[in-house]
2 protein chains.
Amino acid sequence: MTVSRALRDPDKVSAKTLEKIKAVVDRLGYVPDPAASALAAGKTNVIGVIVPSVTNNVFSDVMRGIYEAAEGSKWQIQLGNSRYSPLEEESLVRTFLSQKPAGLILSGLDQSEETSKLLMGADCRIVQIMECGPDPFDMMIGFSHVDASAAATRHLLDAGYERPGYIAARLDPRSQRRLAGFKAAAEKAGVFDPARIVTTPRASTVTLGCELVADLLSKAPQTDAILCNNDDLALGALFECQRRGLRIPEDIGLCGFNDLEMMAAANPPVTSVRTFRLAMGREALRMLTGALAGIEPETPVVDLGYEVIARQSTARVG
Amino acid sequence: MTVSRALRDPDKVSAKTLEKIKAVVDRLGYVPDPAASALAAGKTNVIGVIVPSVTNNVFSDVMRGIYEAAEGSKWQIQLGNSRYSPLEEESLVRTFLSQKPAGLILSGLDQSEETSKLLMGADCRIVQIMECGPDPFDMMIGFSHVDASAAATRHLLDAGYERPGYIAARLDPRSQRRLAGFKAAAEKAGVFDPARIVTTPRASTVTLGCELVADLLSKAPQTDAILCNNDDLALGALFECQRRGLRIPEDIGLCGFNDLEMMAAANPPVTSVRTFRLAMGREALRMLTGALAGIEPETPVVDLGYEVIARQSTARVG
DNA sequence: TTGACAAATGTTAGCGCTATCATTTTCAAT
DNA sequence: ATTGAAAATGATAGCGCTAACATTTGTCAA
């Protein structure tokens, strides 16, 4: 028993017994069995993380933040990939909960009703990431996608573009809100035209960015700026515009979303909405482990904001 | 006991008891406790996966393959991020092994001596991925990085380039082997010049691709083709060359490595060495779960090969 | 020195499963 | 019906740890 205590909470054991125990543990190469611990204690050090994609750069940055923050702690990250499917998410939540996790990190606000029920009844702390919204299950960290894309839209208008279009792939809830932000800002400025919106349910790729721009320009050749739902599409848009001999930013303005590292390196550098993905992952884990240690966050919902990074691709002259 | 059997191996139970059990399980919403099962059976359904990076596109593709292949099975994927550090890898192996995993998937051939010792003594199946080599711990699936980059180098020479250079970031073991492949092929053709090799220990980014090209061209302005250690660098190289007014492929040829989706969409499309990352992940998991089910792979080492995808960026005219 | 109290350590039971072996049931062949 | 073997089911113990409480040791003021 004292050994068990020494290993879990060294402060509860006198210095010299601790020493002795450590020596023996080293000599024997003893490693505690997490399964036995989990069974006896009725809980684990597992933190379940559910993301909709493991390949999307956005989520890999978030994951990195989570892994970095968990590094060296007792917390075990367990990753689940819901592949943008609420049903798979539900099944993952079920699996995770059966493991009696200490905490759960989920993406977005749009859990299915069944998932919500599971989460309400769950005996663990929960952090929702990627977005900000009114009714967290427990805690939440993210930003407003509507506001961010509205701000990007205004930036295009401020730069002198008059007929902005929007391209988007895989309309997951966050993409839809970004589209809604664009629509709202464009309508408010009186420049909204549904013909300048091109979307597809397909997963977003650079190639798809090319195709969507081709579509957009054939439907609405007068388009003079494109807000892209993400940076992969923006990169494709850049290539496609260049292939068509369109000058950026003179003939057409280009704005991405997320500000992946490549946007600054592109030729010309591409304007994008910076989001704080690494910080989001890191802080999500910190909030969670903090709460598990009894330190509640100041507010349950943390808004990390966004930043429109203006670059040459929207620096219209004249 | 019969219930336990019914849930784990329904064939061992008569049809009508199975039915009864299922009904009760449904009614009660019973979910087995994996910790108790792990403790009693002395093993788990956990498959530990250790990758050096969660953000690198290459590994996220592999991970996706693994997750897809594990989808719906009883196998639980547990992901560890070694961040290219053999020490962190060792610590992850230790953590994973304490969980009595059914299997382990590791990246590369270059485990530390200590890690090797742990793995030798481990009571689980092991698959090494990303590379092919002579002495697998158990099973292995990947390809030869030396051969692949040598082939890319020959492609550049065949295309008429005479002074090929090489840029690389973060010289992990696989990058080093790719560099070695380039060197060997260039030397064999009598066109090797160490002045045309630029490397940095920094992590690879598109921006870094720009910088490395700038470096290379200032050190060796006569360079007429660049083999990039990966596609991020290649994208940066593309942008940087264009910024400098170099015509691709006329003035300079460009070749990436991995053939990420964006290479085909670029302007001009960029030649790259295609690697089969998704398949590698998928097959690694299949080999592992197959072996766990008693079906040994035909050969312990599987070579997935590679393919040089020639595109406009190396289509030199004249 | 003593007593009172806190700190440190020890005892016991049990977490929810599964391996193993024992028993019962089933069913085909006599 | 009877038998024997196989199939199905059941009883028991124990996996390695921790919660809860019990006991011992240490510390300090009176």
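Only a predicted model underlies this, so the values are computations on that prediction, with no experimental measurement involved. Below, chains carry the letters A, B, ... as their sequence lines are ordered, and counting in each starts from 1.
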For this session: Could you list the residues that satisfy ring-ring contact (aromatic ring centres under 6.0 Å, His included) with Tyr67(B), not counting sequence neighbours?
Result: none
Exercise. Can you check the Glu19(B) CD to dT9(D) C1' distance for me, whole Å?
Worked result: 18 Å
For this session: Could you check how far NZ of Lys100(A) sits from P of dA19(D), rounded to whole Å?
Result: 13 Å
Exercise. Rounded to the nearest Å, what distance is computed from the CG atom of residue Asp33(A) to the P atom of nucleotide dT18(D)?
Worked result: 10 Å
Seminar exercise, completed: Taking for Arg5(B) and for Val31(B) the nucleotide of DNA chain C with the nearest heavy atom, the one nearer the 5' end belongs to Val31(B)
Seminar exercise, completed: On a heavy-atom basis, the closest approach of Ser204(B) and Asp232(B) is OG-CB, 4.0 Å
For this session: Check whether any side-chain heavy atom of Lys100(B) lies under 4.5 Å from a side-chain heavy atom of Asp33(A), and answer yes or no.
Result: yes
Seminar exercise, completed: Rounded to whole Å, NZ of Lys74(B) lies from C1' of dT18(C) at a distance of 14 Å
Exercise. Rounded to the nearest Å, what distance is computed from the CG atom of residue Leu39(A) to the C1' atom of nucleotide dA19(D)?
Worked result: 13 Å
For this session: Could you pull out all residues at least two apart from Phe143(A) that satisfy ring-ring contact (aromatic ring centres under 6.0 Å, His included)?
Result: His145(A)
For this session: Take the protein atom CD of Gln99(A) and the nucleotide atom P of dG16(C), then report the distance between them rounded to whole Å.
Result: 16 Å
For this session: Using a heavy-atom cut-off of under 4.0 Å over every strand shown, decide if Pro34(A) touches base, sugar-phosphate, or nothing.
Result: nothing
For this session: Report yes if a side-chain nitrogen or oxygen of Ser37(B) is closer than 4.0 Å to either non-bridging phosphate oxygen (OP1 or OP2) of dT18(C); otherwise report no.
Result: yes
Shorter than 3.5 Å, N or O on both sides, protein versus nucleotides 22-28 of chain D: list them out with atom names.
none

Problem set entry | Criterion side chain to side chain contact (heavy atoms under 4.5 Å, CB included) against Met280(B), the qualifying member of Leu304(B), Leu285(B), Asp61(B) | Leu304(B)
Exercise. Passes side-chain hydrogen bond (donor to acceptor under 3.5 Å, both in side chains), Glu90(A) versus Gln111(A)? Steps please.
Worked result: CA-CA 8 Å; Glu90(A) 183 183 320; Gln111(A) 282 72 30; over 6 Å; no
Exercise. From dC17(C), dA19(C), dG16(D), pick the nucleotide closest to the side chain of Ala36(A)?
Worked result: dG16(D)
Exercise. Is there a donor-acceptor pair under 3.5 Å between the side chain of Thr275(B) and the backbone N or O of Arg277(B)?
Worked result: no
Problem set entry | Nucleotide dT20(C), atom C1' - distance to CZ of Arg8(B) in whole Å | 12 Å
Exercise. Nearest-Å distance, CD1 (Ile21(A)) to C1' (dC17(D))?
Worked result: 15 Å
